[in-house]
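Input: a single structure, listed below in structure tokens.
In this chain, residues are counted from 1 in sequence order.
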Amino acid sequence: MPQDAFTLRLIARELNAVLCGGKVNKINQPEREEVDLLVYTGSAVKKLALNANASDCGAYFSESVKENPAVAPSFCMLLRKHLLNAEIKEISLVGFERILAFRFFCVSDFSSAEKILYAEIMGKYSNLILTENGVILGALKTTSVGENCKRLILSGAKYSLPEAQDKTDPSDYPALFELLREPPKENLADFLFRRIRGIAPVTAENIVKWYGGGNLAKHVYDYLFSDEITACVNEHDFFARWEEGARLFPSLGEAQAHFYGDRQRKKIFSSRCRKYRAAVNGAIKKQEKRLVQIADKQNECRDAESNRIKGELLTANLWKVEKGARGCELENFYDKEGGTLKITLDPYRSPSENAQNYFKKYRKQKRTLEALAPQKEEAEKELEYLRSLSASIDYAKEEEDLNALGEELSAAGLVKIENTKKKKETPVQFRTFEKDGFRILAGRNNLENDKLVRSSRPDDLWLHAKNYHSCHVVIRTEGKKVPDGVLLYAAGICARYSEGKGDKISVDYCEIKYVKKPPKSKLGFVVYTDYKTVSASADDSFHSS
């Protein structure tokens with residue numbers, strides 16, 4: 001990200017224009033390395049996020065809502081003590097370093113003073129440091145006297161700037177001119193980055209890209225210290241100057257807010273996906289373990305019929321068996337070939353007692369097998385349902401998808417309900433598509449799949465990926481015949497939101513009247529008849545006109 005001195009100078013200019021004269025109404029620290037200042041500017045309240053996280057470091061306006069800890073961290077309490085109701089006097093760049101200085105005029109019942117909050121935007125070395133008269137009052141990240149460090153960042157210590165790099169300060173034009181008197185003919189961007197202070201590689205590349213020849217030092221100076229802003233954002237970064245293929249914004253502040261807001265949403269989305277996946281995978285492993293235990297118990301009872309036969313053979317041949325014998329071999333009249341069967345006996349029991357013991361074993365094993373059969377069926381259904389949830393997580397692409405999935409997971413007892421307040425039930429909003437005048441709906445999870453089936457008319461067309469977990473798709477026919485192009489388009493939607501891989505996936509389709517949901521079956525489970533099958537891929541729905 002180009003959070004270099006070049007960009008920060010322009011950011012400071014924008015922040016100063018908006019916040020100068022504003023008063024700090026509230027201070028929060030929602031995350032360990034982020035502090036939010038709510039500033040009343042006289043016409044609106046702006047939330048300024050000061051982030052010292054290595055990946056998100058910066059100073060930018062934010063509209064994201066984050067939950068604050070029940071007990072404010074010590075640095076947050078320090079800022080509240082000194083900066084609440086303080087007036088922002090100036091926001092500026094310190095030299096040509098990656099440091100922003102926020103100057104506050106603080107008034108209390110007994111005194112008034114100027115305090116400076118330094119936001120050092122330096123990747124993994126980023127920090128927030130509050131000072132008064134050059135002395136540190138507190139810092140987000142501190143060092144101790146015993147640490148082997150070049151700067152002491154500790155309450156009561158004198159604030160000093162980070163050690164300057166051995167690079168040319170671009171604000172010193174004579175030094176810059178001397179440096180670029182004879183620039184290298186190759187790798188000029190890398191040379192500028194390594195030898196000029198306060199610029200990122202992308203800034204150096206852009207300087208070279210817009211260089212048309214002539215006085216290079218003047219071109220570099222004009223580029224870095226021009227107040228021109230063409231704020232834009234692409235998939236990876238935000239920029240103060242125009243980048244090909246990037247989206248333009250009215251101001252750098254809005255570009256930053258969009259970029260960091262989008263990044264935060266993606267981070268939250270990924271975090272929720274990981275949370276849901278961990279819960280579902282844990283439940284899947286539990287059911288798989290349960291099935292293994294059931295299989296082991298069934299395996300232990302595999303000789304149940306043999307015990308019954310032994311009991312009956314002993315009963316039929318009591319007169320042949322000697323008391324106190326440890327075993328016997330009797331003719332097996334259940335064997336079509338007329339063979340014999342060796343039977344182990346307890347010498348301390350009579351032949352009749354041995355026979356009853358085998359019958360007892362048989363009855364116990366039979367009861368066990370009868371009890372295990374429904375347990376196995378239940379576990380298999382639960383496992384199939386959990387795998388369908390795993391597939392739903394795979395093809396969740398938007399926050400709304402996860403919200404709907406979260407409701408289902410909460411109902412299934414797999415995750416805790418995040419908000420205990422009772423919410424009004426929102427109407428289900430299926431994924432909606434249009435093709436040649438036909439409306440096509442797709443469920444985003446098992447709960448919506450069931451509602452989609454229930455809300456459809458008998459002659460609507462229903463589709464589902466064959467032998468794969470997928471969303472349910474319904475074509476609203478309105479009594480009309482569905483053209484092949486519309487059918488292929490809907491099948492493509494089914495293929496896209498399925499766990500099937502490959503160029504082509506078989507998709508079954510039939511009228512809704514042939515789709516039935518068995519009583520007490522899991523969410524999303526249906527049976528269907530009178531169906532046909534078509535081959536489709538995701539491209540069929542997203543490349544069709």
Stepwise salt bridge (charged side-chain N to carboxylate O under 4.0 Å, His left out) test for R290 and E378: CA-CA 11 Å; R290 184 184 177 194; E378 179 189 357; 3.6 Å; yes

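- A distance of 9.5 Å separates CZ in R476 from CZ in R457, rounded to the nearest 0.5 Å.
- Residue W462 forms a side-chain contact (heavy atoms from CB on, under 4.5 Å) with just one option from V473, V526, L452, I475, and that option is V526.
- Under a 4.0 Å N-O distance rule, the pair R308/E305 qualifies as a salt bridge.
- Listed by chain and residue number, F249 satisfy the ring pair (Phe, Tyr, Trp, His ring centres under 6.0 Å) test with H258 (two or more places apart in sequence, or in another chain).
- The pair D394-R277 meets the salt-bridge criterion, since a charged nitrogen lies less than 4.0 angstrom from a carboxylate oxygen.
- Side-chain polar atoms of N403 and R272 form a donor-acceptor pair below 3.5 angstrom.
- K289 NZ: 12 or fewer foreign heavy atoms inside a 6.0 Å radius.
- Side chain to side chain, E408 and N446 meet the donor-acceptor criterion of an N or O pair below 3.5 Å.
- Here CD of Q298 is found 5.0 Å from NZ of K376. Values are rounded to the nearest 0.5 Å.
- A cation-pi arrangement is present between K361 and Y358, with the terminal nitrogen or guanidinium carbon under 6.0 Å from the aromatic centre and inside a 45° cone about the axis.
- Using cut-offs of 30° and 60° for the angle between ring planes, the Y528 and Y531 rings count as perpendicular.
- Of all heavy-atom pairs spanning C471 and C494, the tightest one is O-SG, 3.6 Å.
- Environment of CD in E67: sparse, with no more than 12 heavy atoms of neighbouring residues, nucleotides or ligands closer than 6.0 Å.
- The pair E478-K480 fails the salt-bridge criterion, with no side-chain N (NZ, NE, NH1 or NH2) lying under 4.0 Å from an Asp/Glu carboxylate O.
- Side-chain atoms of E499 come within 3.5 Å of backbone atoms of H469 as a donor-acceptor pair (strictly under, hydrogens ignored).
- Residues satisfying the ring pair (Phe, Tyr, Trp, His ring centres under 6.0 Å) criterion with Y118, sequence neighbours excluded, are Y159.
- When all heavy atoms of I294 and L372 are compared, the closest pair comes out as O-CD1, 4.0 Å.
- There is a side-chain donor-acceptor pair under 3.5 Å between Q365 and D303.
- Rounded to the nearest 0.5 angstrom, E384 CD and L386 CG are separated by 9.5 Å.
- The residues R387 and E288 are annotated as salt-bridged, a charged nitrogen and a carboxylate oxygen being separated by less than 4.0 angstrom.
- Closest non-hydrogen pair, A325 versus L345, comes out as O-CB, 3.5 Å.
- Under 4.0 Å is where a charged nitrogen must lie from a carboxylate oxygen, and between E331 and K320 no such pair does.
- Here the straight-line distance linking atom CG of D296 with atom CD of Q293 works out to 7.5 Å at 0.5 Å rounding.
- S64 and S62 share a donor-acceptor pair across their side chains, judged by distance under 3.5 Å alone.
- For the pair E31 and K66, the salt-bridge criterion is met [side-chain N within less than 4.0 Å of a carboxylate O].
- One finds a salt bridge joining K141 and E33 here, because a Lys/Arg side-chain nitrogen approaches an Asp/Glu carboxylate oxygen to under 4.0 Å.
- Aromatic ring orientation, Y497 versus F433: tilted (interplanar angle from 30° to 60°).
- For N332, the side chain to side chain donor-acceptor pair (under 3.5 Å) test picks out no residue, with sequence neighbours left out.
- With values rounded to the nearest 0.5 angstrom, S392 atom OG is found 7.0 Å from N449 atom CG.
- Distance OG/S271 to OH/Y276: 9.5 Å, rounded to 0.5 Å.
- In the model, S470 has no side-chain atom that pairs as donor or acceptor with a side-chain atom of R496 under 3.5 Å.
- Checked options L84, I27, N25, N28; the residue passing with L37 is I27 (criterion: side-chain contact (heavy atoms from CB on, under 4.5 Å)).
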